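Here's the structure we're looking at; comments come further down.
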Amino acid sequence: MNSGEVDLRVSFCGLTLNNPVMPASGCFSYGREMKDFYDLNLLGAVVVKATTLAEREGNPTPRVAETPAGMLNSIGLQNPGVSRVVREELPYLRRVAAVPVIVNVAGTMVEDYVAVVEALNHSADLDAIELNISCPNVKCGGIQFGTDPTMAADMVRTMKCASRYPVIVKLSPNVTSIVDMAQACEKAGADAISLINTLIGMQIDIEKKRPLLGNGIGGLSGPAIKPVALRMVYEVAASVSVPVIGIGGIATGRDAIEFLQAGATAVQVGTANFTDPYVCPRIVDEVRSWCALHEVARVRDLIGAANPRARRVTDG
Amino acid sequence: MNSGEVDLRVSFCGLTLNNPVMPASGCFSYGREMKDFYDLNLLGAVVVKATTLAEREGNPTPRVAETPAGMLNSIGLQNPGVSRVVREELPYLRRVAAVPVIVNVAGTMVEDYVAVVEALNHSADLDAIELNISCPNVKCGGIQFGTDPTMAADMVRTMKCASRYPVIVKLSPNVTSIVDMAQACEKAGADAISLINTLIGMQIDIEKKRPLLGNGIGGLSGPAIKPVALRMVYEVAASVSVPVIGIGGIATGRDAIEFLQAGATAVQVGTANFTDPYVCPRIVDEVRSWCALHEVARVRDLIGAANPRARRVTDG
Amino acid sequence: MPQTEVIAQEAIADGVYRMVFRAPVDLKKNGYAPGQFWHIRVTDSFDFTLRRPLSLCQADLDNNTVTVVYRAQGEGTRRIAAKRPGDALDVLGPLGRGFSVHDGDGRVLLVGGGIGVPPLLELAHQLAAHGIRALAILGFQTASQAVLLDDFAPYAEVIVVTDDGTLGERGRVTDFLQPERLQGVVRYYACGPTPMLKAVKDVLAVRGLPGYLSLEERMGCGIGLCAGCVHKIARDGVVRPLKTCREGPVFPAAEVVFA
Amino acid sequence: MPQTEVIAQEAIADGVYRMVFRAPVDLKKNGYAPGQFWHIRVTDSFDFTLRRPLSLCQADLDNNTVTVVYRAQGEGTRRIAAKRPGDALDVLGPLGRGFSVHDGDGRVLLVGGGIGVPPLLELAHQLAAHGIRALAILGFQTASQAVLLDDFAPYAEVIVVTDDGTLGERGRVTDFLQPERLQGVVRYYACGPTPMLKAVKDVLAVRGLPGYLSLEERMGCGIGLCAGCVHKIARDGVVRPLKTCREGPVFPAAEVVFA
Ligand SMILES: Cc1cc2nc3c(=O)[nH]c(=O)nc-3n(C[C@H](O)[C@H](O)[C@H](O)COP(=O)(O)OP(=O)(O)OC[C@H]3O[C@@H](n4cnc5c(N)ncnc54)[C@H](O)[C@@H]3O)c2cc1C
Ligand SMILES: Cc1cc2nc3c(=O)[nH]c(=O)nc-3n(C[C@H](O)[C@H](O)[C@H](O)COP(=O)(O)OP(=O)(O)OC[C@H]3O[C@@H](n4cnc5c(N)ncnc54)[C@H](O)[C@@H]3O)c2cc1C
Ligand SMILES: Cc1cc2nc3c(=O)[nH]c(=O)nc-3n(C[C@H](O)[C@H](O)[C@H](O)COP(=O)(O)O)c2cc1C
Ligand SMILES: Cc1cc2nc3c(=O)[nH]c(=O)nc-3n(C[C@H](O)[C@H](O)[C@H](O)COP(=O)(O)O)c2cc1C
Ligand code: FES
Ligand code: FES
């Protein structure tokens, strides 16, 4: 098969993506920088940095550390606040990229989340929200919602009422049962589930005898966590009927195909953008070539191929 | 300081170790193979493979897979059963190594664990048991004990009654709150806490469109998980008063020192033995040199040095 | 000490390399057997957690060097293939139990499939040294994958088989196990993919021919620590998963239980 | 395209290397400034997730090559130091905002500490090209760590300072900022460890001297994606954590807020 013949489109939440690859929240800023590296229309969609109601300064530095095949971050949701995002960032992104835009939403209390979503309702420059109930880097922050199925469900219900855009719920892996979390969110009306956010980790500066990150703990991401992410995607895809978006350690086309076969309808790429800013379009190319070589005419036929219990979810 | 002057001894559960480094359960078999590589007396202690009541065949192959800076295993507790372990393995190990021996105990139901411990009571060839309530590779197995604080506590209480040896409880990282687990075990009488066992993970063979491991899922170990392990050790050391043994991704002296500074009284080394069979004595040497260079006269002075809330636990 | 060094490295077929390294032990003193393997560390960091098992293909006692022939398929073997003469190499071995040569055998059969062919070369060499005649049926997918044919020639009568007929006979090795070809053969030795081993065992068991199979299981440690590499073996009346890295990789065919 | 290649690599002091590589862009067309940095990928796999930022030390427009001088301290820089001429190198850059040269300045001060010295070399060169005289106070821990002194000589009056007095003056760079030395100096440029930058800023702020500081924060992406590298900057009446990889690493000293 010629690689030009492969149909890479996937769809979820009423959105159709030209391909299943998008940058993950917090690893792409708002697109201003990446557009100097490649045409953003090569992406399936774009997920922007977590947006909170008010501007946030984030955590003290150091905020990043390298770990074996991974990294820790403790950015702590630094962002300009939703009104500047709506005014300055989203319109700009719309101008430079004609692909779906997903806004990651974060906060401390339910009311914060509602206020952010209401502000986003007034913008036409996005296509879905991704509810971040899983950031490990905010002290009394969203993390509780992300570890308790009942709280998560309440939050999702409230968000579904508040938002005029589809609601993707992004899960934390730092739980005993990811399936309980996913099912609670689905029942509460989530339009899709994305996972995983970072694992909580730490590094110690043994010369200074203290944690290396300014915040003490941070979120672990990168290839190191891929096996954990893949297992969770596999389990969740087998337990919910809404589309699942796979995230965690994806750096190559083969990685992306693993997640699709596990049951993900699309994938997000985070840390790998830091290692190689060109990684997203390269993954698209690699997926396309693999499909051509293996005579897979439509990438959506791969969804759940290795997961018999998974519903092969794609709107198309 | 001369490195010969560094006092490497640590103690817990009434045992004194010549140094804080021991191989982790399942990564050292029963010592027969390793003694061809180095003198086992160079180790602080030895932890042997999980022992169950009856002989176990384990899971179908493939049972191991490599992941970025880590590996997955789904051995599934293959072992010859406690009676052969007591008859053939432990006496042999005692003969070749004059260091404390810790037997990892596993099972499916509480009664199994009790029976194993009772069989071990009749042996003089061990010094402590490590209660494995955290193996992800046995289907209806110990894992439930490892994710529910109440069940874990019941199990620990029963074991403490049954065992004439000190009981170290080994925790699973696949939980929402590792601190809840550790505190429940401490309250129930655990003499020490060791952590972490493996994270649950998966890899997919995209050509065959199915999970690579025969068992589907497996346990993730190796340097990849070090940040997660270190964070959990840090949190647990700050929340319990019993000694903590750090495990997860340790491969160098610097890694071991990170865990000591986080609050671990000793460390276990698993996967790194596969990469380099000489790793344990090398870590001992590296810890010794680092201490000498940094004028640390007693390695136990490092315990908890980076964790102000940790009790610096060592019997000595 | 496992630290040794690469002496030579060359591509000998499409994606297939021959690497010579200094043996990490004194081969003469230590001894070794065909079918044993070397466990090779990929890099000197701990990023590649698992070593790669590669079989002994040739041993040079005069120079105390070893040859392995391997396919660079995944990330690890590709890194090994990138090593150059003079580069350090961390090798454990020789490990496991290899093929036994039985003095007094008249004629034996070697069956190799793909990258299972190289381990049979040292065996062919030792058989010849013991005055045992060997028929080697060597199968490859296609001509560009065929390796070591000239090396076998001095020690064995060789039948080459390719799936697509681009070299030698067309077919599978098992198509060439007819009784007339195996006249006088008293034993066989096989190395290759599991389906081939199973087929060879099935065909030759019917004839009552004893033999050895070299099994290929994914290995964790390679030295008996992890129980990752087991295969079901029927021995002394019980079937048990035995560690192929210690008790194998070569087993008497009659003992090997296939699912 | 970021893929380029190493031209030269040599150790120039204890653990300190000078690496020359082909610029990943046309330096003449693209432009560049002293104080900008290159973001270098450690290996071609994703095991090292983060690149390493190294400052421009010298640019050779004729050959379109770049020199960086760096200390191989951790695992990543040690791997970079192991690269040999001809090896591929994945480099992003030149990145960030560098030092501004102000035409019309008469005499300026350069303050460098340790591995903060190299980035000042290209600056010294450009200052000289603009006819601006420079006094360079270059501090090192000890003689064996001192680098590039001969390279500075054509462009600046150099005072060398070592902590232990094994070379030049004994002491810290801040011990040599007396008014009599700084006669005619209208601006300063500093690069080095954070405590040094803070001390230099404190001393020279008192004299009302404007200057630039090159900050060193741990970086994730190096290109503005992650907000990992921020430092508090007072600008337009507000203090905000700005990305040092995009808005810096060089900032007007007056804007830099130290904790
Ligand atoms: C006893 C023994 C002897 C062998 N001898 C040879 C030989 O002489 N020449 C040769 O080309 N190959 C040989 N193999 C197979 C060889 O070990 C694998 O091809 C190699 O390990 C694959 O590594 P990779 O980095 O290319 O693949 P990766 O996919 O990166 O490997 C990932 C993991 O899977 C394991 N793995 C992948 N494929 C295999 C396989 N087919 N068999 C066993 N483990 C695998 C690797 O060892 C590693 O642990 C032998 C295998 C065994 C068990
Ligand atoms: C803008 C900028 C320019 C620099 N220019 C130079 C230069 O010209 N010469 C030079 O020797 N050094 C320079 N440094 C410092 C250099 O980047 C670090 O020494 C190097 O990244 C350390 O990597 P490693 O592999 O040795 O250490 P590791 O400990 O393996 O690094 C782990 C992680 O920590 C980061 N890190 C560790 N130490 C530092 C540090 N001191 N500063 C920033 N990040 C660090 C690494 O980048 C990596 O992300 C510069 C730093 C910055 C921010
Ligand atoms: C620097 C950094 C910042 C991040 N910021 C956010 C964020 O704002 N919101 C969010 O939901 N996830 C955030 N994440 C998590 C990623 O979106 C992603 O879920 C995680 O990193 C795992 O994917 P990866 O392994 O591909 O990086 C961040 C990750 C990193 C590394
Ligand atoms: C092959 C293998 C077998 C293991 N078997 C056991 C076991 O029997 N009992 C147990 O408690 N942990 C077992 N573990 C877990 C290790 O003891 C250790 O907790 C884990 O691997 C993390 O440490 P590491 O990263 O140093 O490997 C096993 C790990 C591996 C890799
Ligand atoms: S590979 Fe570990 S026991 Fe065989
Ligand atoms: S390093 Fe990522 S924003 Fe500066």
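Just the heavy atoms: all of them, side chains too, but no hydrogens, waters or symmetry mates, feed the values below. Note that the structure is predicted; figures quoted are calculated from it, not measured. Numbers restart at 1 for each chain; the letters A, B, ... are given by sequence-line order, proteins then strands.
- Of the residues B/Gln78, B/Glu57, B/Glu55, the one that meets the side-chain hydrogen bond (donor to acceptor under 3.5 Å, both in side chains) test with C/Arg240 is B/Glu55.
- When all heavy atoms of B/Met71 and C/Leu50 are compared, the closest pair comes out as SD-CD2, 3.9 Å.
- Of the atoms belonging to C/Val239, it is backbone heavy atoms, and not side-chain ones, that fall under 4.5 Å from chain B.
- Residue contact with chain B, scored on non-hydrogen atoms closer than 4.5 Å, involves the backbone and the side chain of C/Arg218 alike.
- Contacts with chain C were tallied for B/Gly58, B/Cys27, B/Pro60; B/Cys27 has the most, counting heavy-atom pairs under 4.5 Å.
- Only the side chain of B/Leu212 comes within contact range of chain C, judged by heavy atoms closer than 4.5 Å.
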Q: Could you please spell out the steps behind the side chain to side chain contact (heavy atoms under 4.5 Å, CB included) verdict for B/Val64 and C/Met219?
A: CA-CA 7 Å; B/Val64 291; C/Met219 292 188 174; 5.7 Å; no

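- The local environment of CZ in B/Arg94 is crowded, with over 12 non-hydrogen atoms from other residues, nucleotides or ligands closer than 6.0 Å.
- The minimum heavy-atom distance linking B/Phe274 with C/Gly220 is given by the pair CB-O, 4.1 Å.
- For a residue to count as touching a neighbouring chain, one of its non-hydrogen atoms must lie under 4.5 Å from one of that chain's; by this rule B/Ser221 does not touch chain C.
- A 6.0 Å sphere centred on CD of B/Glu88 holds more than 12 heavy atoms belonging to other residues, nucleotides or ligands.
- Residues from residues 224-238 of chain C that place a non-hydrogen atom less than 4.5 Å from a non-hydrogen atom of chain B comprise C/Gly224, C/Leu225, C/Cys226, C/Ala227, C/Gly228, C/Val230, C/Lys232, given in numerical order.
- A salt bridge is absent between B/Glu66 and C/Arg51: the closest approach of a Lys/Arg side-chain nitrogen to an acidic carboxylate oxygen does not fall below 4.0 angstrom.
- Applying the salt bridge (charged side-chain N to carboxylate O under 4.0 Å, His left out) rule to C/Lys198 yields the partners C/Asp202; only residues at least two apart in sequence or on another chain are considered.
- With sequence neighbours left out, C/Pro249 forms a side chain to side chain contact (heavy atoms under 4.5 Å, CB included) with C/Phe37, C/Ser214.
- Identified by a heavy-atom distance below 4.5 Å to chain C, the contributing residues of residues 247-261 of chain B are B/Ala251, in residue-number order.
- By the 4.5 Å heavy-atom criterion applied to side chains, C/Ile223 and B/Pro277 are counted as neighbours.
- When heavy atoms are compared at a cutoff of 4.5 Å, B/Phe37 approaches chain C solely by way of its side chain, counted from C-beta outward.
- In this structure, C/Arg246 and B/Glu33 have side chains that are in contact, with non-hydrogen atoms separated by less than 4.5 Å.
- Across every non-hydrogen atom of B/Gly70 and C/Thr49, the tightest pair is O-OG1, 2.7 Å.
- Scanning all heavy atoms of the two residues, the minimum distance from B/Thr275 to C/Ser45 falls at CG2-O, 4.4 Å.
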